[in-house]
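Report on the structure given below.
First the proteins, then the strands, lettered A, B, ... as listed; each starts at 1.
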Amino acid sequence: MSILVDERTRVVVQGITGREGAFHTKQMLEYGTVVAAGVTPGKGGREVEGVPVFNTIKQAVEEEGVNVSCIFVPPPFAADAIIDSASAGLEVIVCITEGIPVLDMVKVASLLKNEKSVLIGPNCPGIISPGKTKVGIMPGPIHKPGPMAVISRSGTLTYEVVYQLTGTGLGQSTCIGIGGDPLIGTTFIDHLKRFKEDPETEGVVLIGEIGGTAEEEAADYIREEFNKPVIAFIAGQTAPPGRRMGHAGAIISGGQGKAEDKINALQAAGIRVALNLGTLGETVQKVMEKS
Amino acid sequence: MSILVDERTRVVVQGITGREGAFHTKQMLEYGTVVAAGVTPGKGGREVEGVPVFNTIKQAVEEEGVNVSCIFVPPPFAADAIIDSASAGLEVIVCITEGIPVLDMVKVASLLKNEKSVLIGPNCPGIISPGKTKVGIMPGPIHKPGPMAVISRSGTLTYEVVYQLTGTGLGQSTCIGIGGDPLIGTTFIDHLKRFKEDPETEGVVLIGEIGGTAEEEAADYIREEFNKPVIAFIAGQTAPPGRRMGHAGAIISGGQGKAEDKINALQAAGIRVALNLGTLGETVQKVMEKS
Amino acid sequence: MKLHEYQAKDIFGKSGIPVPNGQVVTAVDQATRATQIISGPPWVVKAQVHAGGRGKGGGVKVVHYPYEVVTATESLLGKHLVTPQTGPEGVTVNQVLIEEGIEINREYYLSMIVDRSTACPTMIFSQAGGMEIEEVAARSSELILKEHIDPAVGWMMHNARNLLYSQEPPPPVGALSALMSVMANVYKIFMTLDCTLVEINPLVLTKDRKVFALDAKVDIDDNALFRQKELLLLDDPREKDPLELMAEKYHLNYIRLDGNIGAMVNGAGLAMATMDVIKMAGAEPANFLDVGGGASEDMITKGVEIILKDRRVKAILINIFGGILRCDVLARGVVAAAKKTSIRVPLIVRLEGTNVKEGREILRNSDLKFLVARDLGEAADLVSKQVS
Amino acid sequence: MKLHEYQAKDIFGKSGIPVPNGQVVTAVDQATRATQIISGPPWVVKAQVHAGGRGKGGGVKVVHYPYEVVTATESLLGKHLVTPQTGPEGVTVNQVLIEEGIEINREYYLSMIVDRSTACPTMIFSQAGGMEIEEVAARSSELILKEHIDPAVGWMMHNARNLLYSQEPPPPVGALSALMSVMANVYKIFMTLDCTLVEINPLVLTKDRKVFALDAKVDIDDNALFRQKELLLLDDPREKDPLELMAEKYHLNYIRLDGNIGAMVNGAGLAMATMDVIKMAGAEPANFLDVGGGASEDMITKGVEIILKDRRVKAILINIFGGILRCDVLARGVVAAAKKTSIRVPLIVRLEGTNVKEGREILRNSDLKFLVARDLGEAADLVSKQVS
């Protein structure tokens, strides 16, 4: 009833001794996540919230059998942290860090082609399988277990959507923030494929925004291969071209990445696109009731 | 009755207007190889031995449907030529060039992880499926079609072996020179796997030499997975440590790469190792008669 | 971070990409001297502004007499230039580039970006140079060629050849190596300076087969400026909106727009969606403002102040989904802002999430006049009422 | 191409890897001056030869008085140094490096190579520094740690941390960043100078947590010298065997060995196999000689001459499998050599392949005395007869 992370997940927090790392380690532990280790180079041997700190990912793997990492290290060191985790063979790498240089991500992407690790993010809220584990910074209590999957390029917008879903009684199997950067580890399609195989997921809410063509590609995939109801929302209909709207990846450039084109592509693929965020929860409820 | 290259093979010669490229284009054509195109940047539009010359591999693919390349370009430009062919999607890339800088090959190897092309060489005589096609510089007439596969790190030594095989009446399915450099595109194991699946190949002659551990790894593979007779020969039993014996890859260093260790590993895996090159042909014949 | 044309050409020149001789002037009296140093006629006088579409806005003048260089400079310096990419108020021209005119035989388009779907640095080349590349893409996309560069191997000569030999007709033999060198240098600049864009449009060939970058655009990855310290010196804050510049100082993500409803939101996606809600309610958003997850009380105060500095704003919608940013922090920040600046317009507040009760309590107990929206739907209705 | 220790340390110093102060001298009278510039006692006087195992051969002396620096220099300069890696005749010492002595607290081993099986630049690190790394590998391989570097991403800090924090105990905190910097610089040198080996053994830590490269080995990829032209200046041909040097000039692949049967073969693999045939016949190969696929008549002549210059040679086995190298070219070259130099030893010739008839004909019609072997088996028999 979830993908990628669940009760089996043993998290290592990279940058655990930093302010954000420590805060969210506490939050994750409170949610019930097994945070088995932390890593901060040079601070091995300490503890944060009762979690042992190691100098390297390698040691955290050897000593604590961690299989998922959650990265809070500052942008100049984040690519190193991702590659470190990938080289150590972690299954899932969640990178919260915002502001990683694009050319660092070019390197990361090149390396990940040859590794089995799944990278969520960077510049994302993380991933949560409600009731099981939360790897990231989303507020836990707004979630509840259930049949809806959520895939989103955004953070708080996702919380808003989840809040509405939970409000209408629709719980979630897994919610993933794939990240707001132009180069991210996974696409909508990567996760749609996983949700397709997840028997407990009954429908998907896809939250896109301006910039790039990921939503258009997802629309093609859904039309051709996806067999569960999808409800989409696209943020940025009023965003002007050429400006980065907060997210590094949210920019209309060279005539590409407009909300309008995305909405058209999704609708042409037969996907219900909610235009009004205020009533998105109700819209999802209606679609799911029909199906 | 062959692997990688056969009647379907349409060769593009990279560096066709050079002395060696032109000479061996003629030789290949005489053998019956379909040399469909040549590439020399800036010399597009010419002809060499009746073969049309293009400026880029891309054009050769588009115009002539080539699927295998044979590279004769000088060492400083050879890595570029390999990567060009790989990016253009060629199935097999045979690189004859000797003397490519090791760090260029590091780049090539890294790129090839993500491409489907099979690289034979560099610093190799090429590949021949006798009676069908020859992509390389080996003397064609010493070969004859038959059941023996030959995989070798060497050039003339391979000709010697093939000459002896043909002399004893044993023809060849495919003979591959994998190259004498420390970094080469394919290993003994890569081809053993292909020969395992080739119904017409009845036995394999494996010709190794000092340097690296490719023979030891092949021995492990053969013991565990290979089901046809293998006869091995290792050159360099009298080679001193620390010296490169002609081939860039033929060097005993750090206590590794000795002929003795290779012979021991092969014998321990139950493989017949011919110690006397002079009677190798007879040895193969005996082993094949028994099997 | 955008560079000016003259800054980008300076980088080009140092990297071996040929550019026309030129000189940047900031005062009219420097123009005469420039004509004495720079060969001409003709000369080209170009306004140095970050906004694109300069030519259409009259920011580029080709002149044939030295006195015309002076009058052209005079007509541009200190003036407001309105281009398709500026607002109607335009941008002030603070610098002018005076260049030798180059006789053009052929015009190419050349640029480098990071392609999002392949995650590779990608070179884009077209024989349809000198036009808007978006228009070329829309009209005849077959004229636009791309080479994806694998970061493990970097730029290789076959990348250049694939682009050049695909032209019909291919560039003349004498110009091939110069073009290949420009391409290799563009890649090098892109990688070593952490660029998000390097663009040469047009890249021209003269009759005697010389190659020149006639225009130059270089954008630097803001996230990489920590390791590109010397490029920081090239930043020209005069090109930015004063309110955006102020927001930057307080680490607020603010973008000024043309509407009349201000918005303050946490999170970029939610901020965009809130702008859309405003639009659907029949109004126009006056700004994008993402205060971020870690906003402090002070940042909230500054955010309200900046929104209000835009005199067009008729109402403000605050939409906060408390996560890491707690609703009580937001409320305190808004109350503090009200104490500093009189909030002269209606305030619509929608709070949800962490510490929402405390937040609402703080607002209720303040002198502040504000309208509470229980959800986004209600917020939209309230916005709608403000503009009707 | 091998560099001398002092050359390698010069590169290290310029790249930011700390090395002891030192000076290379080529004459005894420079030694006194060196002691005045270089702080001591103690001083270390080191013979500069390419051959390894210097220490065991008495090529490294630690001394405590200035006059000892002079006597140690005197005892090395111009002398033949015999090490486990030279022949019994040793190598001549032409240069001596005089260095300040460093007080050693801990010794590490650090090197970088290209790993053949992963095709990746690989750093090797061990806390068992100052010993032969092969011995450490054989005795306690768990002490040898490796980091493979993906060429797409290059050296990253976690690579260094994986090596350093795996030590038991890890290096002291004060030395960590210095060690990480050495590692990053070794990688940089390796990649930018096209090295096949960079080795620091030992890399030492002093009591006050300073880091020094006490020894330095840098080998350059011969195939990359076309783009490392400035390194060519560092080549020291005096370190090479004179016959090998001569062969190099004629593009012949010749390696001098200790035996008494010369061999001339086309192709490296066949040349090695022919040496093995000689050995199995009860003799010892005097050399490896691959004349290559494209050998000319002149190159063959030079090859024969070079083999004969080795006075230990009692017979020559020529084994040619004609492919691109035609047998007639070979034969003409051998005949020409016989005209120039008297061939004083028996010549065993085995020819096969392209133009074999013409080749045999040419030999038969010459004044040359030679023995024909129809195949390799017969060649072995003939060799056997020569030594029995």
*Output the option from Leu176(C), Asp150(C), Asn162(C), Leu164(C) having the highest count of non-hydrogen pairs under 4.5 Å with chain B.*
Asn162(C)

*Quick one: pull up CD in Gln14(B) and NE2 in His158(C) and give me the separation to the nearest 0.5 Å.*
10.0 Å

*asked:* Tell me if the NZ atom of Lys188(C) is crowded by more than 12 foreign heavy atoms within 6.0 Å.
replied: no

*Shortest non-hydrogen contact from Gln59(B) to Tyr165(C)?*
NE2-O, 2.9 Å

_Counting heavy-atom pairs closer than 4.5 Å to chain C, which one of Val106(B), Leu111(B), Asp104(B) comes out on top?_
Leu111(B)

*What part of Val173(C) gets closer than 4.5 Å to chain B, counting heavy atoms only: side chain, backbone, both or neither?*
neither

_residues 80-91 of chain B: residues contacting chain C (heavy atom under 4.5 Å, by number)_ = Asp80(B), Ile83(B), Asp84(B), Ser87(B)

*asked:* I need the minimum non-hydrogen distance between Ala152(C) and Lys107(B), along with the two atoms involved.
replied: O-CG, 3.6 Å

*Given a strict heavy-atom distance threshold of 4.5 Å, which part of Phe54(B) is in contact with chain C: side chain, backbone, both, or neither?*
neither

